[in-house]
Amino acid sequence: MSNDIFKKACLVQLATSCWTGAKDINQSLMGNLGNTEWLKGKKLLVNPEVLSPLKATIQMARKLLQRYALPFPISGLHLVPKESIDEIDNRLEMFQSDFMNKVNSFAEFYVDAREEAKTALGELFNDTDYPQDIRTKFKFEWRFMLLDVPTKATFLSPETYQREKEKFQDLMAETRELAIAALREEFSEVITHLSDKVTGGDKPKILRSNMTNRINEFLDGFSERNLFQDDKLAALVDEARTLVKTVNGNPYAVTYQDVLRQKVTSDFANLKTAIDAAIDEMPRRRIHLDAGADRGNLQEAA
């Protein structure tokens, strides 16, 4: 495999930070309670609820990447289909704006939060625990990148070039395995989720339109995310489209007609068996990752 995948996708790196609002309690103070080899303690510097909205925005942004992107062997990087780049960029800008607004709101409340902590912590309160410029403790950034092996024209010796080329090829092979496995496992999860909703339990369940939201989201984005052309999964996804169409088109019949209900149940079971078998046949190699700089040449995407 070459770097052809980067004609269809690029990498995105989301870098965030959020002040923890907590600090280890000085061990000399912990010694008053017992053996410090056994005692470790933290104190909260502000009410943790005031930081929750910022952490929630970061979590939502990371879930967005999981929805559109595929895993990549280098930690912190996600493989994004080119068709999704603009959507991701726009959504991340919205999350960034929301995050920074919350940072500003927290900064305005920061002095009051410290006073609240001063009352709550008593002797454990220490003014030096609190950053002077609290805004510098928050970050929300991202960048799109390409990855390639250095060319022969670079400073690398022929032996080093060949070694780096082989490492890059291994990285791309691992990327393919990770991406295919991730899509198959995600598909298995959404099929199991919908099957449980439609057919699970002893009593027929009333079908609601939002029951198929999760699988519809997967089906809608599958073509773009199937970067490595997993034909086996594509065939199973087509079966799922037909099955979901049946469920959506006959909600009352699936609920109350035994024949149709049994057929849908059987079709879900067969689909689940097929996708589980596809997952089992995946290679399970795990390559221990080196530092990112050792796995290829990172470039900012144009």
Side-chain angles (χ1 to χ4, degrees), residues 1 5 8-9 62-73 78-81 83-84 170-287:
M1 180 183 296
I5 187 61
K8 299 186 290 185
R62 297 202 176 281
K63 285 185 177 179
L64 171 77
L65 286 184
Q66 292 174 1
R67 174 184 171 189
Y68 285 100
L70 294 165
F72 194 73
H78 305 267
L79 189 64
V80 179
E83 292 83 359
S84 301
D170 284 344
L171 178 67
M172 292 298 98
E174 188 181 3
T175 300
R176 179 181 183 278
E177 292 174 8
L178 281 175
I180 291 176
L183 277 181
R184 290 185 180 187
E185 289 171 0
E186 184 179 340
F187 182 61
S188 176
E189 289 176 4
V190 296
I191 287 296
T192 300
H193 176 263
L194 180 59
S195 176
D196 290 345
K197 293 290 184 183
V198 174
T199 66
D202 298 330
K203 297 180 180 179
K205 294 184 177 181
I206 301 298
L207 297 183
R208 297 180 174 82
S209 59
N210 62 2
M211 283 185 176
T212 55
N213 286 352
R214 187 175 174 187
I215 193 169
N216 284 335
E217 188 176 274
F218 179 88
L219 297 177
D220 290 344
F222 175 73
S223 296
E224 294 176 358
R225 298 174 73 204
N226 190 24
L227 291 170
F228 296 96
Q229 299 179 335
D230 183 354
D231 293 337
K232 178 169 287 186
L233 182 58
L236 296 175
V237 167
D238 285 342
E239 290 184 28
R241 292 186 201 280
T242 302
L243 191 50
V244 170
K245 187 176 181 180
T246 299
V247 171
N248 284 336
N250 305 274
Y252 294 107
V254 172
T255 302
Y256 296 111
Q257 290 183 5
D258 287 342
V259 174
L260 181 57
R261 183 177 179 78
Q262 289 174 9
K263 183 179 185 309
V264 169
T265 301
S266 175
D267 289 346
F268 268 123
N270 292 336
L271 192 56
K272 184 70 169 60
T273 299
I275 185 59
D276 287 346
I279 292 173
D280 288 342
E281 72 182 26
M282 287 290 298
R284 292 299 179 186
R285 74 170 181 164
R286 285 294 180 196
I287 299 175

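- Contact annotation: the side chain of Leu79 approaches that of Thr175 to within less than 4.5 Å [non-hydrogen atoms, C-beta and beyond].
- Looking only at side-chain heavy atoms (C-beta outward), Glu185 and Ile279 come within less than 4.5 Å of each other.
- For Met282 against Ala181, the heavy-atom pair with the smallest separation is CE-N, 3.7 Å.
- The side-chain hydrogen bond (donor to acceptor under 3.5 Å, both in side chains) search around Glu224 returns Ser84, not counting sequence neighbours.
- By the side-chain hydrogen bond (donor to acceptor under 3.5 Å, both in side chains) test, Glu83 pairs with no residue at all, sequence neighbours left out.
- Contact of the Tyr68 side chain with the Val80 side chain is not registered, since no non-hydrogen atoms from C-beta on lie closer than 4.5 Å.
- Residues His78 and Leu65 share a closest heavy-atom pair of CD2-CD1, 3.7 Å.
- Checked against side-chain hydrogen bond (donor to acceptor under 3.5 Å, both in side chains), Lys8 has no partners two or more places apart in sequence or in another chain.
- Between Glu189 and Arg214, some side-chain heavy-atom pair lies under the 4.5 Å cut-off.
- In this structure, Leu233 CG and Phe228 CZ are separated by 13.5 Å, a value rounded to the nearest 0.5 Å.
- The salt bridge (charged side-chain N to carboxylate O under 4.0 Å, His left out) check on Arg67 picks up Glu217, with sequence neighbours excluded.
- In terms of heavy-atom proximity, Leu219 sits nearest to Ala240 at CD2-CB, 4.4 Å.
- Every residue two or more places apart in sequence or in another chain that forms a ring pair (Phe, Tyr, Trp, His ring centres under 6.0 Å) with Phe222 is listed here: Phe218.
- Under the rule for a side chain to side chain contact (heavy atoms under 4.5 Å, CB included), Thr242 has no partner lying at least two apart in sequence or in another chain.
- Residue pairs that meet the side chain to side chain donor-acceptor pair (under 3.5 Å) test with at least one member in residues 230-239, sequence neighbours left out, are Arg184-Asp230, Lys232-Glu281.
- Heavy-atom minimum distance, Ile275 versus Lys272: CG2-O, 3.1 Å.
- The nearest pair of heavy atoms linking Arg225 to Leu183 is O-CD1, 3.4 Å.
- Checked against side chain to side chain contact (heavy atoms under 4.5 Å, CB included), Ala274 has the following partners two or more places apart in sequence or in another chain: Leu236.
- With sequence neighbours excluded, no residue forms a side-chain hydrogen bond (donor to acceptor under 3.5 Å, both in side chains) with Arg241.
- Contacts of Pro71 classified as side chain to side chain contact (heavy atoms under 4.5 Å, CB included), with partners at least two apart in sequence or in another chain: Leu178, Ala182.
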